Trainee: 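I have a structure I would like to understand better, so I am pasting it below and will then ask my questions one at a time.
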Amino acid sequence: LKEIQLSPDCLITDDAALSAQFQRVKGEKPRNVVVLNFGHRKTGIFFFRDSMPVLHRNTMIGGFDVTNAIAQRYHIGLAEAELAKTERGFLALPGMKLNPDQLAFSETIRGALEPVFHDFHQSMMAFTSRYNDPLSAIYICGGSALLPGMPEYIAQRWQKKVLPLQVTHLFPQISIRPQKGLEWLLPLATSLGLSQ
């Protein structure tokens, strides 16, 4: 914690690990960014200003809630709903031409994630109000970030650049390149490991 010059009592592990990674980026560092980590049972929302953590919020909605919404909507078991989510799940953009079944499926997923999107919007407003400085990018990670259409949906809704949080890509000198899905699923663990 000496290298990021913060007292240990004001950080949690995820904030510290991500902050250390953003500070070690070569070249132009991200100025104001947020990381949305869509976990299984909760979603973490981490705001950084000049690579330093300034705001963190957890929303107790995650990939399980999407699976559960699909199971309830279609009256199927959780295992079948999880399979449907991972194989056919997507977030539709406004104006996409979809048949009624596709629209209903996408709306089920969006509806399950709406509390996360609401909390993110409120947190973004608090950040912008506090620092009078807009976000330059939104990083996404976690299982639900892998849903087709998720980056495009977030980018269109908030008019911001959306990038996958691929920690190893922040460091060109690292030769290890995990599979796309794996790195999107475990970015905080990777950040913690690289910060040690």
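Predicted model, so just to flag it, every value in this text is computed and none were measured. Scope of the values below: all heavy atoms of this structure, side chains included, with no hydrogens, waters or symmetry mates. This chain uses plain numbering: 1 for the first residue, then up along the sequence.
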Trainee: Applying side chain to side chain contact (heavy atoms under 4.5 Å, CB included), name anything that partners His118, two or more places apart in sequence or on another chain.
Mentor: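 Only Gln122 meet the side chain to side chain contact (heavy atoms under 4.5 Å, CB included) criterion with His118.
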Trainee: Apply side-chain contact (heavy atoms from CB on, under 4.5 Å) to residues Leu55 and Arg130 and explain how you reach the verdict.
Mentor: CA-CA 10 Å; Leu55 178 65; Arg130 165 76 195 245; over 6 Å; no
Trainee: Does any part of the side chain of Met124, heavy atoms only, come nearer than 4.5 Å to the side chain of Val34, both counted from C-beta?
Mentor: no
Trainee: How many angstroms lie between CG in Leu135 and OG1 in Thr128, if you round to the nearest 0.5 Å?
Mentor: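 Spacing of CG (Leu135) from OG1 (Thr128) equals 5.5 Å.
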Trainee: Work out which heavy atom in Thr43 is nearest to a heavy atom in Gly62; give both atom names and the distance.
Mentor: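 Smallest interatomic distance, heavy atoms only, reads OG1-CA, 4.2 Å.
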Trainee: Scan for side-chain hydrogen bond (donor to acceptor under 3.5 Å, both in side chains) pairs involving residues 87-98, sequence neighbours excluded, and state none if there are none.
Mentor: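 Every pair satisfying side-chain hydrogen bond (donor to acceptor under 3.5 Å, both in side chains) with a residue in residues 87-98: there are none.
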Trainee: Could you list all the salt bridge (Lys or Arg N to Asp or Glu O under 4.0 Å) pairs where at least one residue sits in residues 62-83, not counting sequence neighbours?
Mentor: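 Passing the test, one end in residues 62-83: Glu82-Lys85.
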Trainee: How is the hydrophobic cluster of Phe64 composed, in terms of its other members, when Ile, Leu, Val, Met, Phe, Trp and Tyr link through side-chain heavy atoms under 4.5 Å apart, directly or indirectly?
Mentor: Leu78
Trainee: Not counting sequence neighbours, which residues clear side chain to side chain donor-acceptor pair (under 3.5 Å) with His121? List them please.
Mentor: Trp158
Trainee: Run the side chain to side chain contact (heavy atoms under 4.5 Å, CB included) test against Asp133 and tell me which residues pass, sequence neighbours left out.
Mentor: Arg31, Asn32, Arg49, Tyr131
Trainee: Treat each ILVMFWY residue as a node, draw an edge where side-chain heavy atoms are under 4.5 Å apart, and state whether Ile109 and Met96 are in one component.
Mentor: yes
Trainee: Measure across Gly44 and Asn58 and return the closest heavy-atom pair with its distance rounded to 0.1 Å.
Mentor: CA-OD1, 3.4 Å
Trainee: How close do Val33 and Ser136 get, heavy atom to heavy atom, and via which atoms?
Mentor: CG1-OG, 3.8 Å
Trainee: Identify, with sequence neighbours excluded, every residue that meets side chain to side chain contact (heavy atoms under 4.5 Å, CB included) alongside Leu103.
Mentor: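 Applying side chain to side chain contact (heavy atoms under 4.5 Å, CB included) to Leu103 gives Leu98, Glu107.
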Trainee: Do Phe46 and Tyr139 have side chains that approach each other closer than 4.5 Å (heavy atoms only, starting at C-beta)?
Mentor: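 No. Closest side-chain heavy atoms not under 4.5 Å.
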Trainee: What residue pairs, at least two apart or across chains, pass salt bridge (Lys or Arg N to Asp or Glu O under 4.0 Å) with a residue in residues 143-165?
Mentor: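 Of all non-adjacent pairs touching residues 143-165, those that pass salt bridge (Lys or Arg N to Asp or Glu O under 4.0 Å) are Glu114-Arg157.
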Trainee: Checking Thr108 now: which residues fulfil side chain to side chain donor-acceptor pair (under 3.5 Å) with it, not counting sequence neighbours?
Mentor: none
Trainee: For Phe38, what residues pass the ring-ring contact (aromatic ring centres under 6.0 Å, His included) criterion, not counting sequence neighbours?
Mentor: none
Trainee: Give me the atom names and distance for the closest heavy-atom approach of Thr67 to Ala81.
Mentor: O-CB, 3.4 Å
Trainee: Mind listing the closest non-hydrogen atom pair of Phe120 and Leu36 along with its distance?
Mentor: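 Answer, listing the atom of Phe120 first, then Leu36: CD1-CD2, 3.7 Å.
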Trainee: Mind running side-chain contact (heavy atoms from CB on, under 4.5 Å) on Tyr153 and Leu147 for me, showing each step along the way?
Mentor: CA-CA 10 Å; Tyr153 178 85; Leu147 284 168; over 6 Å; no
Trainee: Please round to the nearest 0.5 Å and tell me the distance separating atom CZ of Phe117 and atom CD1 of Ile61.
Mentor: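 Nearest 0.5 Å value for the CZ-CD1 distance: 11.5 Å.
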Trainee: Taking all heavy atoms of Ala112 and all of Ala69, pick out the closest pair and write down the distance.
Mentor: CB-CB, 3.8 Å
Trainee: Treating Ile, Leu, Val, Met, Phe, Trp and Tyr as nodes and any side-chain heavy-atom pair under 4.5 angstrom as an edge, say whether Leu113 and Met60 lie in one connected cluster.
Mentor: no
Trainee: Is a side-chain N or O of Ser123 found less than 3.5 angstrom from the main chain of Asp119, in a donor-acceptor match?
Mentor: yes
Trainee: Can you tell me how far CG of Leu91 sits from CZ of Arg110, rounded to the nearest 0.5 angstrom?
Mentor: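 With rounding to 0.5 Å, CZ (Arg110) is 8.5 Å from CG (Leu91).
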Trainee: Name all residues meeting the side chain to side chain contact (heavy atoms under 4.5 Å, CB included) criterion together with Asn99; count only those two or more places apart in sequence or in a different chain, and write none if there are none.
Mentor: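 For Asn99 the side chain to side chain contact (heavy atoms under 4.5 Å, CB included) partners, ignoring immediate neighbours, are Asp101, Gln102.
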Trainee: Name all residues meeting the ring-ring contact (aromatic ring centres under 6.0 Å, His included) criterion together with Phe47; count only those two or more places apart in sequence or in a different chain, and write none if there are none.
Mentor: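 Scan of Phe47 (ring-ring contact (aromatic ring centres under 6.0 Å, His included), adjacent residues dropped) gives Phe127.
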Trainee: Give, for atom CG of Asn37 and atom CG of Leu165, the distance between the pair rounded to the nearest 0.5 Å.
Mentor: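 It comes to 8.0 Å.
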